[in-house]
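Have a look at the structure below, then the notes.
These numbers were taken from a predicted model, which means no experiment stands behind them. All ligand and atom numbering here is 1-based and tracks the order in the structure.
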Amino acid sequence: MDPLRVLIVPGSARTGSLNLKLARAAEAALRELGAVATVTDLRALALPIYDGDLEAASGVPEGAKTLLAQFAAHEAVLVVSPEYNAFPPPLLMNAIDWVSRLPEHKAAMNGKPTALLSASPGMLGGMRSLLALRQFLSLNLGMLVLPQQLGVSQANKAFADDGRLSDDKQQQVLQGVLSALLKTTQAVQG
Ligand SMILES: Cc1cc2nc3c(=O)[nH]c(=O)nc-3n(C[C@H](O)[C@H](O)[C@H](O)COP(=O)(O)O)c2cc1C
């Protein structure tokens with residue numbers, strides 16, 4: 001069987017982003033589990049804030065079509081996102097709002113196994129935003145969001161020099177979330 005392909009979607013493109021670090025740790029762990037992972041760059045899509053007048057005048061921007069093609073080309077999705085005021089950040093929400101304007105998003109997203117991770121320098125690890133993200137991705141977009149998730153608290157101190165989570169138990173939780181994602185994806189693929 002061909003290796004499963006996982007699209008990793010970091011919700012922050014900031015230089016030094018803790019979520020990008022977590023995304024890279026997940027990418028390495030997925031590779032160890034035999035999957036192929038692609039880390040996407042939402043900032044590179046250069047999407048304007050969603051605007052119905054802009055859409056009416058010039059259609060859905062190319063960046064949203066690029067992201068849709070990435071969703072379509074992967075069997076599973078891993079979102080790794082910061083928490084802004086207990087909510088997912090605009091970079092992520094806006095990109096997905098644009099994608100949802102393309103009718104083909106249903107085939108690319110509906111029923112697609114999806115796992116959620118977050119990292120924060122705070123004590124709650126961004127967990128509150130994962131609740132909102134779970135609702136956002138599952139209720140309308142129909143993504144199959146796994147119950148397993150991980151919020152890395154005090155993430156500014158959480159990574160070892162090799163990029164792994166320095167706490168072994170936390171690294172094991174990460175591997176557990178990713179294993180569950182691959183197992184669910186295999187089951188969905190039949
Ligand atoms: C507008 C804004 C709101 C934030 N709100 C929260 C919050 O509600 N909870 C939290 O844990 N951290 C919050 N933070 C801090 C972020 O967790 C922190 O900046 C983190 O490093 C962002 O992720 P990144 O490193 O991947 O860019 C907020 C940061 C910003 C810029």
Check this for me - ligand 1, Gly126, N or O atoms closer than 3.5 angstrom, yes or no?
no
So Leu30 and Ile8, do their side chains get closer than 4.5 Å, heavy atoms only?
yes
Any donor-acceptor pair under 3.5 Å linking the side chain of Asn85 with the backbone of Phe87?
no
Atoms of ligand 1, numbered as shown, that sit under 4.0 Å from any heavy atom of Asn19:
23 (O), 24 (P), 26 (O)
heavy-atom search around atom 11 (O) of ligand 1 in the protein gives Ser120 OG, 2.6 Å
If hydrogens are left out, which of Glu83, Met127, Met123, Arg128 has an atom nearest to atom 14 (N) of ligand 1, that is, the closest non-hydrogen atom?
Glu83
Give every residue pair that meets the side-chain hydrogen bond (donor to acceptor under 3.5 Å, both in side chains) criterion with at least one member in residues 132-152, sequence neighbours excluded.
Arg134-Gln149
Test item: Glu83 side-chain N/O and Arg128 main-chain N/O as donor-acceptor pair under 3.5 Å:
yes
Around atom 5 (N) of ligand 1, find the nearest protein heavy atom and jot down its residue, atom name and distance.
Asn85 N, 2.8 Å
Do Ile96 and Tyr50 make a side-chain contact, defined as non-hydrogen atoms from C-beta onward lying under 4.5 Å apart?
no
Nearest heavy-atom neighbours spanning Leu42 and Ala95:
CD2-CB, 4.1 Å
For atom 18 (C) of ligand 1, find the nearest protein heavy atom and state the residue, atom name and distance (0.1 Å precision).
Pro121 CD, 3.7 Å
Mark up the atoms of ligand 1 that fall under 4.0 Å of a heavy atom belonging to Pro82, in ascending order.
22 (C), 23 (O)
Any protein heavy atom at under 4.0 Å, with atom 26 (O) of ligand 1 as the reference point?
yes
Hey, is ligand 1 close enough to Ala119 that some N/O pair sits below 3.5 Å?
no
Looking at CG of Leu67 and CG of Asp41, how far apart are the two atoms once the value is rounded to the nearest 0.5 Å?
11.0 Å
Taking Ser17 for the side chain and Ala13 for the main chain, is one N or O donor matched with an acceptor at less than 3.5 Å?
no
Tell me, please: is Leu124 in heavy-atom contact with ligand 1, that is, under 4.0 Å?
no
How close do Thr184 and Leu144 get, heavy atom to heavy atom, and via which atoms?
CG2-CD2, 4.1 Å
Quick one: nearest non-hydrogen protein atom to atom 31 (C) of ligand 1, plus distance?
Tyr84 CE2, 3.9 Å
Using a strict 4.0 Å cut-off to heavy atoms of Ala86, name the atoms of ligand 1 that fall inside it.
7 (C), 8 (O)
May I ask you to list the atoms of ligand 1 that are less than 4.0 angstrom from any heavy atom of Arg14?
21 (O), 24 (P), 25 (O), 27 (O)
